[in-house]
Amino acid sequence: MLIRLQKFMAEAQVASRRKCEEIILSGRVAVNGETVSVLGTKIDDKTDTVTLDGREIKRGGSHIYIMLNKPEGYITTVSDRFDRPTVMDLVKDVGERIYPVGRLDYDTAGLLLMTNDGELTYRLTHPKHNINKTYIAAVDSAPTQSEIKRFESGIVIDGRKTARAKLGIIKTDGRYTYLKIIIHEGRNRQVRKMCEAIGHPVRRLRRAATGTLKLGGLKTGEYRHLTADEVKYLKSL
Ligand code: URA
């Protein structure tokens with residue numbers, strides 16, 4: 001059936017029809033690989049492939065949702081111009097093309113969601129979504145109460161103050177002090193920059209949770225499919 005592009009997108013719950021029009025005009029949508037940045041295009045919802053930021057928008061089809069425990073030393077993109085290992089290498093046997101939801105730095109480990117549900121990816125990575133993300137950071141020594149207060153009340157990084165955050169000290173071993181950090185923005189290298197700003201550069205970093213979804217016992221480099229309840233939770237956010 002031929003259907004207007006913005007109607008197709010709205011029905012796939014990308015956003016309201018009005019908002020989908022804006023997204024089309026901003027040049028982020030392609031039909032069969034060709035960018036469409038004018039309104040009025042009609043597509044065949046059975047045979048045409050529509051992508052948003054390069055990710056397919058599917059309607060009704062079966063979607064896959066997985067949680068990967070990303071190791072350090074993997075890049076969160078589909079391909080890397082320096083030929084470094086990418087997270088795609090770790091999910092090859094999923095059997096469907098899936099994409100990371102947001103990103104973790106090359107040298108950050110931990111929870112990375114991956115899916116072929118373009119609408120959910122779009123919604124979860126939208127800045128207004130503010131989902132809590134919990135990180136475990138290894139630093140050289142424990143921050144003081146006043147450093148913690150500065151961290152939690154917001155620090156100017158890249159010219160803009162961070163939103164309220166939480167920082168707790170988990171433990172100190174012979175080598176590192178481990179901090180539990182909760183932020184709900186997703187700015188570039190945010191945890192590293194915030195820790196650096198209070199004088200405690202991060203030596204190692206791992207994301208332990210996204211919202212209520214936790215890595216639990218998932219081993220480094222392994223992935224698992226989300227449960228129906230976990231998918232429902234993500235869609236409710
Ligand atoms: N903050 C960082 O500094 N790095 C990440 O990968 C994620 C959050």
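We count ligands from 1, going down the list as the structure has it; atoms in each ligand are counted the same way. All residue numbers refer to positions in the sequence shown, counting from 1.
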For ligand 1 and Thr108, I'd like to know whether there is a polar contact (N/O to N/O, distance under 3.5 Å).
yes
Value rounded to 0.5 Å, distance of CD in Glu185 from CD1 in Ile131:
13.0 Å
Non-hydrogen side-chain atoms of His126 and Arg123 separated by less than 4.5 Å
no
Any donor and acceptor pair, going by atom type alone, linking the side chain of Asn116 with main-chain N or O of His63 inside 3.5 Å?
no
Donor-acceptor contact below 3.5 Å, side chain Lys70 vs main chain Glu222
no
Salt-bridge contact Arg204-Glu72 (side-chain N to carboxylate O under 4.0 Å)
yes
Ligand 1 atoms in contact with Leu104 (distance to a heavy atom under 4.0 Å)
6 (O)
Is Arg192 in polar range of ligand 1, meaning some N or O pair under 3.5 Å apart?
yes
Side chain, backbone, both or neither: Ile183 near ligand 1, heavy atoms under 4.0 Å:
neither
Please identify which atoms of ligand 1 are closer than 4.0 Å to at least one heavy atom of Tyr135.
7 (C), 8 (C)
Which of the listed options, Val191, Asp107, Asp105, Thr76, holds the heavy atom that is closest to atom 5 (C) of ligand 1?
Asp105
